[in-house]
Amino acid sequence: MHDEQSDHRPALTELRRRLNGGLARARLDKTQLATRAQLGRTTVSEAFGADGRVPSEKTVAALARALKLPVQELLELQRTAAASDAGSGSGPGRPIGEWEPHALEVHPAGPAPAGPGSGSPEQRALPGYVPREHDRVLTDAVREAGEGHSRMLVLVGTSSTGKTRACWEAVQALAEKGWRLWHPFDPTRAEAALDDLHHVRPRTVVWLNEAQHYLGDPRTGERIAAAVHSLLVQPERGPVLVLGTLWPEYATQYTALPTPDGPDPHSRVRELLTGRTLTVPDTFDAPALAAANVLAEGGDRLLADALNRASADGRLTQDLAGAPELLHRYQSGTPAAKAVLEAAMDARRLGVGLHLPHAFLTDAALDYLSDIDHDQLTDDWAEAAFAELAHLVHGKQAPLRRANPRPQRRTPGTPPIATLPHPTAGPVFRLADYLEQHGRATRRRLCPPASFWQAAHTHLTDMDDLLNLAEAARFRYRNHWALHLRHQARTRQPALAERAENLANIVVAPERGRPDEESTTEGFGGQVADASEVPVSLLAQMHQRAGDHESAEALLLQAADGGSPEALFALARRRERTGDKGAAEALYRRAADAGYRVALVALGWIRESSNDLVTSEALYQRASDAGIPDGRINLARMREQAADRDSAEALARQAADAGDTSVLVALARMRERAGDKKAAEALAVQAAEAGNTSALVAVAQMREASGNQDAAEVLYRCVADFGALWQFLQDRWPHGLDPDGTPAQPWE
C-alpha cells in the first residue's frame, strides 16, 4: 500500500520500513515487542502507525535494540524525520532560527538605531552575553533535552535580571538540531496554551515567558499545569523543553503550602514547579563583571555604557533593559516633566550632587518651558510632573525618583564632621543614571537658562554644589551668577568656602622646560640617579642641544644598531633635515618595520613630496589604521584635494568616533580656506560636540578675519556655552554674559 508520508517525509517512511522489517524477522507481535523493549503497548503501536508522528529517540533506540537493528542508523533516520517535521509546519511553533529575540520578549537594550523604521524593537542590537552561574544549570537542561530527555526549568528573578535573555541564549544549541519553538500568545496566553499543548510535537521548546499569565490564570492555570505535566512525563511525546520565567512573588504564591482545611488553588502548579525552578540573581558578581569588562573592551558599546553607570552595584541587566524606556519617557513626556528632567540633567552635568531638592527642580524648570507651555501650567503642574516621572520602567527604574539619603555616621564622642553638607529642606530626588549620561552627551553645548541659576542660588545649600556651579558659571562667562553663587557658598559654610576658594585660585606653576643650552648629560645626572635609565633618544637630544653633535649621532647610531625604533626615527629626521632623503626614507622604513607607526606618516610625506601619490596615500592609510592622528589628517587632506569630499568626511567621522577629532578640525580649516564657510562651520560643530571646542574658535577667528563679525560672535558664544577656553575669551566680554547669551551690562 502506498505510504502517504513517502512523498514528503522519506526519512520517516524509511524508519518505519526498517522497524516493520525487523518485527517480521523477529516473528513478534507488538505486544511481545513492547515487553521486550520495556515500552508501553500504545507507544509501540504509535511508533509503527501511519499517523505522521515521529517516535522519540528513546523509543527508536529501545525498539532497535529489541529487534537487533543498527541503533545509530535508526536514530539518524529519526533525527532527520524530526527535523523535517519541525520545518513542515505540523504542530505548534516554528523553527528556532526563524524567531527574533525581541519577539520572545527579550528586552531591547539601548535606544533604537537612527534611520527609517528604526523604532521597532526587532532592529535593536543586543549587548554581548555574559554567562553566569545559573546559565550552567540551564545549559545542562538544554543539553539533556537535546539528548532525548524532556525537561522543564522556570527561571525566577526580579524584573529585568536577564531571565528571558538567558533562555534565548540557551536554546540556540537546539536551533542547530532543527528544534521548533512555540510561544503561546493568541488570543490570550492562557487560551493559546490550553488549546494547543496537546498538539505539541517532539523536539519543541514551549516558551512560557512571564509564566504567571499561564499558571496563575484563575480559570485555566491548573489545567495548563496538568497539560504541561502530561507533556513532560509521556515518553512518546518527547523530547520537549519547557522554559518559563517568574517573578519571586509569583513563585512564592504558587509553591506555598495551603493552610489546614483552607483552599489549595495552585496544587497542580505547585507540583509542576517542584524541583524545576532556578534562581537568577539581581546582580553580576565579580567574575561576571570581569567578563563584561572584557566584552566592553572588545568594542561592545552597550555593555561599556552600562558598566559606566551600573558596575558599582552590579545591576547591569536592569540598566540595559530600562534604558530605552527611560529615553522614551523623556522624549515623549509632558512639557513640564521634560523641563524638570532637563533641569536635573543640567544640574548633574554641572556638578550638583546626586540628591536634587524638589524646590530647586521646580523653580529651575520654569525657563525650560516655551511661552505657550508656560502659559498652560496649572496650579498642580509640579505635582503632576513629579508623579509622571516616578512611574517605574523595566528594572525598577524611574526617570526621576524620590531618594532617601543615608544619614552620616560618626563614632560616639567625636566632633561633628566639618564637611557635612548644610541640611536640605524638603524631599530630594535622583535622576536615572542613563538619563544623566544622556544629558551629558546631548546637552553639553547648552548653558542653562536664568531660572536654573536663580533656583540654585535660592535653594541649594551644599557648599560643593554651589562652588561647582559657580565654576560652571565662570567657565561660561556668566560672571554675575558665578560671583553670587560663590558668595552663597561662603555664606553657607564660611571657613570651608574660603579654603576651597583659596585652593581654586592657586596658579599652577608652568612645567619645567627641557634642559637649557648649557645642560649636559652630567648636569642632568643630578635628576636621574643612573644615566643608563635615560632613553637614548633623550640623551642624544641633550648632547645635540649642548652642541655635541658627534656624540648625539654616535648614541643614535649605537641604539639604531641595537634595533631601537625611536633611534631609527631620530636618525631619519636628522638625515631628512640635511637633505639626504634617500637615507631618511630607508631609516623611516626600518623604524616602521620595527613597529614605530609614526614613521609611516614621515614616509608618506616623502613619497608625496616626490609626487608618488599612490604610495603616499597607502602609507597614510596604514598610519590611519594604526590610530596615528597625522596619518588620518594627511589621508583626509589628500582625498579633499582630490575632490573626494565624501570619503574625506567619512574618514573624519570615523576618527571622531574613535575619539580623535583632529581630522574634523583639519577638514574644517580646509573648507574654510576653500571658501565653503557653511561646510566648515558644520564640521567644526561636529568636532566641538565631540569635545574639541578649539575647532569653533578656529572658524570664529576665520570669520572675524574676513570681516564677518556677527557670525564670529555667534560661534564665540557657542564656545562660551560649552564652558571651554574661558581664559582665551575672558577679555571679549568684560562683564560676562547673561544666561541667554547676550553680553551683560556693567555691574558692580
Side-chain angles (χ1 to χ4, degrees), residues 107-114 119 121 124 127 159-160 301-358 360-369 373 381-382 384-405 427-449 451-452 455-456 460 465 468-469 472 689:
H107 294 314
R124 295 176 180 168
S159 172
S160 304
R301 183 61 181 271
L302 287 173
L303 268 181
D305 288 345
L307 284 165
N308 286 337
R309 297 186 296 264
S311 61
D313 60 15
R315 295 171 63 86
L316 264 63
T317 55
Q318 295 91 329
D319 179 275
L320 288 164
E325 185 60 24
L326 287 171
L327 185 60
H328 174 72
R329 289 281 189 87
Y330 164 57
Q331 294 174 336
S332 63
T334 62
K338 192 171 184 179
V340 170
L341 279 181
E342 288 176 348
M345 290 177 185
D346 286 347
R348 288 293 294 135
R349 71 184 175 90
L350 297 185
V352 181
L354 285 174
H355 301 128
L356 306 171
H358 178 276
F360 161 71
L361 291 174
T362 302
D363 285 356
L366 292 175
D367 285 356
Y368 288 82
L369 294 162
D373 291 331
W381 74 267
F386 280 92
E388 176 184 336
L389 297 174
H391 291 162
L392 297 179
V393 302
H394 296 306
K396 297 183 179 179
Q397 301 180 80
L400 189 73
R401 62 177 173 84
R402 184 164 179 170
N404 293 304
V428 293
F429 291 80
R430 179 167 177 175
L431 179 66
D433 290 344
Y434 178 79
L435 291 181
E436 178 183 329
Q437 187 181 57
H438 179 75
R440 292 181 189 276
T442 60
R443 300 184 59 79
R444 60 178 302 164
R445 294 180 61 185
L446 305 176
C447 182
S451 62
F452 176 91
L460 296 185
D465 291 349
N468 287 340
L469 287 184
E689 287 177 338

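Positions are given from 1, in the same order as the sequence printed here. Everything quoted here is computed from the prediction, not taken from an experiment.
No donor-acceptor distance shorter than 3.5 angstrom exists from the side chain of Arg402 to the backbone of Phe386, with no hydrogens or angles considered. No donor-acceptor pair closer than 3.5 Å links the side chain of Asp465 to the backbone N or O of Val352. Checked by atom type and distance alone, the side chain of Arg349 pairs as donor or acceptor with a backbone atom of Arg443 at under 3.5 Å. No donor-acceptor pair under 3.5 Å is formed between the side chain of Glu388 and the backbone N or O of Gly333. In this structure a side-chain-to-backbone donor-acceptor pair under 3.5 Å is present from Thr317 to Ser160. Of the possible polar contacts, one joining the Arg329 side chain to the His391 backbone as a donor-acceptor pair under 3.5 Å is found.
Taking each heavy atom of Leu326 and Ala432 in turn, the nearest pair found is CD1-CB, 3.9 Å. Closest heavy-atom contact between Ala364 and Ala455: N-CB, 3.5 Å. The shortest heavy-atom contact between Pro357 and Val428 is CA-CG1, 4.0 Å. Shortest non-hydrogen contact noted between Ala382 and Thr362 is CB-CG2, 3.8 Å.
Partner of Tyr330 under the side-chain hydrogen bond (donor to acceptor under 3.5 Å, both in side chains) criterion, out of Glu342, His438, Glu325: Glu342 alone. Residue Phe452 is tested with Leu361, Leu350, Leu366, Asp367 for a side chain to side chain contact (heavy atoms under 4.5 Å, CB included); the sole match is Leu350. Each of Leu392, Leu327, Leu431, Leu341 was checked for a side chain to side chain contact (heavy atoms under 4.5 Å, CB included) with Pro399, and the lone residue meeting it is Leu341.
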Before giving the answer on side-chain hydrogen bond (donor to acceptor under 3.5 Å, both in side chains), spell out for Ser159 and Gln318 the whole-Å C-alpha distance, their side-chain angles and the decisive distance to 0.1 Å. CA-CA 7 Å; Ser159 172; Gln318 295 91 329; over 6 Å; no
Test log, rule side chain to side chain contact (heavy atoms under 4.5 Å, CB included), inputs Phe429 and His358: CA-CA 7 Å; Phe429 291 80; His358 178 276; 3.6 Å; yes
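Atom CZ of residue Arg348 and atom CG of residue Asp433 lie 8.0 Å apart, to the nearest 0.5 angstrom. Atoms CD and OG1, on Gln437 and Thr442 in that order, are 10.5 Å from each other to the nearest 0.5 Å.
Side-chain contact, Asp305 with Tyr434: no donor N or O sits under 3.5 Å from an acceptor N or O.
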